[in-house]
Amino acid sequence: MKYNFKEIEKKWQDYWEKEKINEVKDLSCPKYYVLDMFPYPSGAGLHVGHLKGYVATDIVARLKRMQGFNVLHPIGWDAFGLPAENYAIKTGIHPEITTKKNIDNIRNQFKVTGLSYDWSREINTTDPNYYKWTQWIFIKIFEKGLAYKKLLPINWCPSCKTGLANEEVVDGKCERCGTETTKKEIEQWVLKITDYADKLLEGIDSLDWPEKIKEMQKNWIGKSQGWEINFKINNIDVPVFTTRADTLFGCTYLVLSPEHSIINYLDIENKEEVNEYIEKAKNKSDRERISEVKNKTGVELKGIKAINPVNQKQIPVFVADYVLGHYGTGAVMAVPAHDERDFDFAKKYNLEIIWVIDSEKDFAFTEDGTLFNSSEFNGLSSSEAREKIGKFVKGEKKVNYKLRDWVFSRQRYWGEPIPIIHCEKCGIVPDYNLPVKLPYIEKYEPTGTGESPLAAINDWVNVECPKCGGKAKRETNTMPQWAGSSWYYLRYLDPNNDKELVNKEKEKVFMPVDLYVGGAEHAVLHLLYSRFWHKFLFDSGYISTKEPFLKLRNVGLILANDGQKMSKSKGNVISPDEIIEQFGADTLRVYEMFMGPFEQAIVWNEQGVKGINKFLNRFWDFVVKNKDNKESSKELIAEVNRLNKKVSEDIEKMKFNTSVAFFMEFLNLVENEKVGSDVLKMFLLLMFPFAPHMCSELWEINGYGNILNEEWPKYDKELIKKDKIEIVIQVDGKVRDRLEMDVDSSEEKVKEVSQESERIKKWLQGKEVTRVLFIPNKLINFILKK
RNA sequence: GCCGAGGUGGCGGAAUUGGCAGACGCGUAUGCCUUAGAAGCAUAUAUCUUUUUGAUGUGAGGGUUCAACUCCCUCCCUCGGCACCA
């Protein structure tokens with residue numbers, strides 16, 4: 001009988017679907033929620049890299065089912081977004097149509113890979129029955145005062161013709177299309193994620209997430225504690241924020257950001273020059289600003305002095321765009337001796353530098369130390385001085401964050417409408433008549449003016465005010481791509497509920513997510529946004545958990561043969577369809593797990609795929625050949641139990657590559673032995689999560705029944721103990737021989753036997769042994785006198 | 001510049017956390033099979049050494065230890081993230 005993957009894979013996929021084996025059934029068992037980051041249904045379909053994470057979670061889901069857990073393993077579609085809309089602009093085909101087509105394609109890719117999703121819970125963020133609740137959450141956020149509309153200079157992508165959140169600008173470029181972003185001032189919906197800065201920070205440490213992602217979130221939130229201290233300009237208080245109140249005596253000038261409002265009220269001698277500078281600074285792109293890090297610019301406000309509150313000294317005042325308007329107070333006390341930026345600036349404009357910590361250097365000394373040049377505070381340590389000086393100048397303790405509020409509106413068509421109505425009389429009124437459906441339109445082209453294409457649909461835009469019945473207009477901005485994905489994991493628990501976003505009991509049973517797998521690129525986007533919404537929903541009493549995702553693992557990329565990321569534009573994409581056609585889904589699955597450590601990026605290697613296929617063929621032949629044997633030798637039973645232990649432990653640690661290596665090792669060991677059903681059964685069950693089609697078929701062929709009725713096998717702790725073990729014999733720390741000994745042999749015994757070895761004798765002859773080191777069951781080391 | 005991860009054969013990578021470095025796979029070589037090729041099977045495969053023996057070897061240098069890929073110090077390189085946040 002030959003391994004005919006085409007036939008058997010279809011057979012078992014149909015069976016699983018018919019029997020609905022992946023649906024949640026028995027609620028009395030402990031639950032296990034294993035979740036994938038749901039895909040964007042792109043027209044290109046999935047490539048082999050996308051599948052790596054999905055295969056891994058599938059293995060875990062199948063393992064957990066066999067271990068008796070009530071496993072929730074759902075999938076859905078994050079289907080709003082620009083590609084479908086851009087495609088519509090080009091072809092005139094509505095995004096809904098292309099999206100549906102793409103979903104059908106990818107769903108099929110999932111099925112032929114043998115992924116065991118619970119298809120009864122499939123969700124789609126573009127389904128009005130889904131985005132109804134996305135809109136509902138927005139209204140709740142609005143009602144709590146955490147959503148507001150504001151005229152803001154925001155990041156603008158000239159190519160996508162939409163505003164972007166801070167998180168979506170990478171290196172001064174649009175995260176999606178790579179175009180350099182500009183600034184644009186338009187009315188924006190903004191969510192107050194900053195109100196949750198502390199909560200988002202607090203929760204991080206308790207999570208079993210990759211250190212890297214936790215660090216990135218912490219840095220992004222960027223909490224810093226310091227003092228707000230008032231300087232006086234013309235008797236007006238100008239507060240500055242500093243983390244280094246201890247260096248106040250070293251402050252030799254004050255810097256205002258170009259946006260600082262006080263500039264308008266001052267009688268500046270060189271007003272024209274200053275205004276010109278401010279105007280120029282406003283129009284700078286992020287990239288321009290970044291490129292000026294090493295060459296700071298600024299203009300002194302002539303005729304203006306500030307007074308340092310610690311010593312009443314008069315100091316010059318500058319406006320410079322190295323000070324940011326949106327952080328702290330938008331004004332900074334400059335201490336060139338102890339801050340690199342101030343140091344650069346002071347050197348360039350020849351400003352005074354006063355050293356107050358440590359001693360004079362030719363660079364800014366930014367560490368803590370002992371104060372001098374600081375009057376009565378001399379001799380204090382930095383940390384003491386911060387407190388004392390801060391209090392002395394009547395400063396206020398203050399915390400600041402780098403995190404900025406989430407710019408939430410997009411000027412595009414293919415997104416959730418923001419459920420808001422602007423009434424001439426009542427102002428901003430939420431539209432509780434949900435869902436606010438996205439209307440069908442003919443022209444998708446973004447206007448570029450800061451309005452979405454929806455603004456042109458008069459009969460959609462013009463409505464009655466739900467409050468007063470008067471003339472009103474709909475909000476025409478849509479939500480960002482991240483809205484639907486900020487809560488989707490909750491909807492899987494109760495996908496058809498039309499009364500609430502999720503039933504509370506169901507939420508209690510299934511949340512939090514036990515294992516979440518996806519790419520690292522969402523560290524400060526989706527993963528931050530969804531924690532924010534989750535915490536909001538928790539605070540509002542809709543859910544019972546503080547954090548959505550307990551354990552997160554990042555899947556490493558699969559790179560193309562050329563070592564590059566796979567992409568359609570580079571033409572280096574490898575499609576799973578071809579691999580499955582040629583070698584079968586089980587080969588693809590096992591290969592992707594064997595490639596290397598799960599979280600690491602690895603280059604695709606066609607030869608490696610063939611190697612796995614060869615292994616599976618051998619495995620097949622081996623199982624079939626031993627079909628009629630009943631019992632195996634004691635030693636082989638012990639070996640398969642050892643395999644069981646190793647594989648069980650490694651899957652739990654997501655070390656799939658070594659699990660597969662152990663399977664191979666085991667097959668190498670037993671391939672030419674006569675093996676009975678006792679060993680075969682355990683081997684098949686262990687391999688089942690990795691190669692489910694093949695193992696189901698072999699189980700049936702060998703007459704064992706239906707593999708789905710089986711539990712994950714337990715290994716026998718007694719059985720796996722060995723009676724003989726190889727002991728390493730060292731002389732002066734170098735391996736000179738290896739001896740087979742009884743397990744737990746005593747030091748005396750090992751010493752005696754090893755001294756009888758001819759090889760060892762040679763090394764010990766005529767030498768004096770000064771020390772003997774013995775590690776039970778491992779090694780003995782004879783140390784010679786020199 | 002700062003933060004994080006990492007550096008092991010020709011390649012992807014193992015190594016029970018201080019105890020046999022190179023598991024497993026790919027590739028390569030030789031042989032078998034074949035009219036031939038492919039596939040398959042067998043053997044070998046870190047380097048040096050004529051074989052045994054032995055020596056060297058986990059980015060570089062130093063240290064701790066009977067023993068270091070593993071711990072400590074100094075440095076180099078690669079990848080990822082952040083980047084004027086006062």
Enquirer: Looking at A:Asn641 and A:Asp716, would you say the former's side chain and the latter's main chain have a donor-acceptor pair under 3.5 Å?
Expert: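 Looks like yes, one N/O pair under 3.5 Å.
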Enquirer: Assuming nearest nucleotide by heavy-atom distance, tell me which of A:Arg404 and A:Val603 is located more 5' along RNA chain B.
Expert: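 Final value for this comparison: A:Val603.
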Enquirer: Partner lookup for B:rU17, please. Criteria are Watson-Crick or G-U wobble with both distances under 3.5 angstrom; report none if nothing qualifies.
Expert: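 Check on B:rU17: unpaired, no WC or wobble geometry under 3.5 Å.
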Enquirer: Syn or anti for B:rU35, with syn set at within 90° of 0?
Expert: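 Because its glycosidic torsion lies more than 90° from 0, B:rU35 adopts the anti conformation.
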Enquirer: Aromatic rings A:Phe318 and A:Phe345: how do their planes relate, parallel, tilted or perpendicular, breaks at 30° and 60°?
Expert: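 Judged by the thresholds at 30° and 60°, the geometry between A:Phe318 and A:Phe345 is perpendicular.
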Enquirer: Any idea which of B:rG80, B:rC26, B:rA86 is nearest the A:Gln607 side chain?
Expert: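 Ranking B:rG80, B:rC26, B:rA86 by closest atom to the A:Gln607 side chain puts B:rC26 first.
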Enquirer: Tell me which nucleotide, if any, is Watson-Crick or G-U wobble paired with B:rG27 when both distances must be under 3.5 Å.
Expert: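 In the structure as shown, B:rG27 has B:rU45 as its Watson-Crick or wobble partner.
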Enquirer: Is the phosphate of B:rC66, meaning OP1 or OP2, less than 4.0 Å from a side-chain N or O of A:Arg771?
Expert: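 So the side chain of A:Arg771 is within the cut-off, an N or O lying under 4.0 Å from OP1 or OP2 of B:rC66.
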Enquirer: Could you work out which one of B:rG13, B:rA86, B:rC82 sits closest to the side chain of A:Val323?
Expert: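 For A:Val323, the side-chain atoms sit closest to B:rA86.
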Enquirer: Along nucleotides 17-24 of chain B, 5' to 3', which nucleotides get a B, which get an S, and which get a -, given that the test is a protein heavy-atom distance under 4.0 Å?
Expert: --BB--BB
Enquirer: If I pick the C1' atom on B:rA44 and the same atom on B:rG22, what distance separates them, to the nearest angstrom?
Expert: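 One C1' to the other, the span is 16 Å.
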Enquirer: Any chance the rings of A:Tyr3 and A:Phe619 have centres within less than 6.0 Å?
Expert: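 No.
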Enquirer: Tell me which nucleotide among B:rC82, B:rA86, B:rC41 gets nearest to the side chain of A:Asp339.
Expert: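 For A:Asp339, the side-chain atoms sit closest to B:rA86.
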Enquirer: Which nucleotide, in any strand shown, forms a Watson-Crick or G-U wobble pair with B:rU52, with both distances under 3.5 Å?
Expert: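 Per the H-bond distance test, none.
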Enquirer: From C-beta outward on A:Lys614, which listed nucleotide comes closest to its side chain: B:rG81, B:rC41, B:rC66?
Expert: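 The answer is B:rC41.
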Enquirer: Under 4.0 Å between a side-chain N/O of A:Tyr322 and OP1 or OP2 of B:rA86, yes or no?
Expert: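 No, because none of the side-chain N or O atoms of A:Tyr322 sits under 4.0 Å from OP1 or OP2 of B:rA86.
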Enquirer: Which part of the nucleic acid, if any, lies within reach of A:Lys645 when heavy atoms closer than 4.0 Å are counted: base, sugar-phosphate only, or nothing?
Expert: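 A:Lys645: no heavy atom of the nucleic acid under 4.0 Å.
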Enquirer: Return the nearest nucleotide to the side chain of A:Thr243; candidates are B:rA86, B:rG13, B:rG4.
Expert: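 Between B:rA86, B:rG13, B:rG4, the one nearest the side chain of A:Thr243 would be B:rA86.
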Enquirer: Both distances under 3.5 Å, Watson-Crick or G-U wobble: report the partner of B:rG80, or none.
Expert: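 Base partner found: B:rC3.
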Enquirer: Round to the nearest Å and state the distance from A:Ile213 atom CD1 to B:rA5 atom P.
Expert: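 Answer to the nearest Å: 12 Å.
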Enquirer: Can you tell me whether the base of B:rG13 sits syn or anti, using the 90° cut around 0 to define syn?
Expert: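 For B:rG13, whose glycosidic angle is more than 90° from 0, the conformation is anti.
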Enquirer: Contact between A:Leu301 and A:Ile233 at the side-chain level, heavy atoms closer than 4.5 Å - yes or no?
Expert: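 The answer is no, as the side chains (C-beta and beyond) never meet within the 4.5 Å cut-off.
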Enquirer: Looking at the side chain of A:Pro597, which of B:rA86, B:rG13, B:rG4 is the nearest nucleotide?
Expert: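 From the listed options, B:rG13 comes nearest.
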Enquirer: Would a line drawn from the ring center of A:Tyr253 to the ring center of A:Tyr349 be shorter than 6.0 Å?
Expert: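 Here the rings of A:Tyr349 and A:Tyr253 have centres that are no less than 6.0 Å from each other.
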Enquirer: Which part of the nucleic acid, if any, lies within contact of A:Gly328, taking any heavy atom under 4.0 Å across all strands shown: a base, the sugar-phosphate backbone alone, or nothing?
Expert: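 No contact at all - A:Gly328 keeps every heavy atom at 4.0 Å or more from the nucleic acid.
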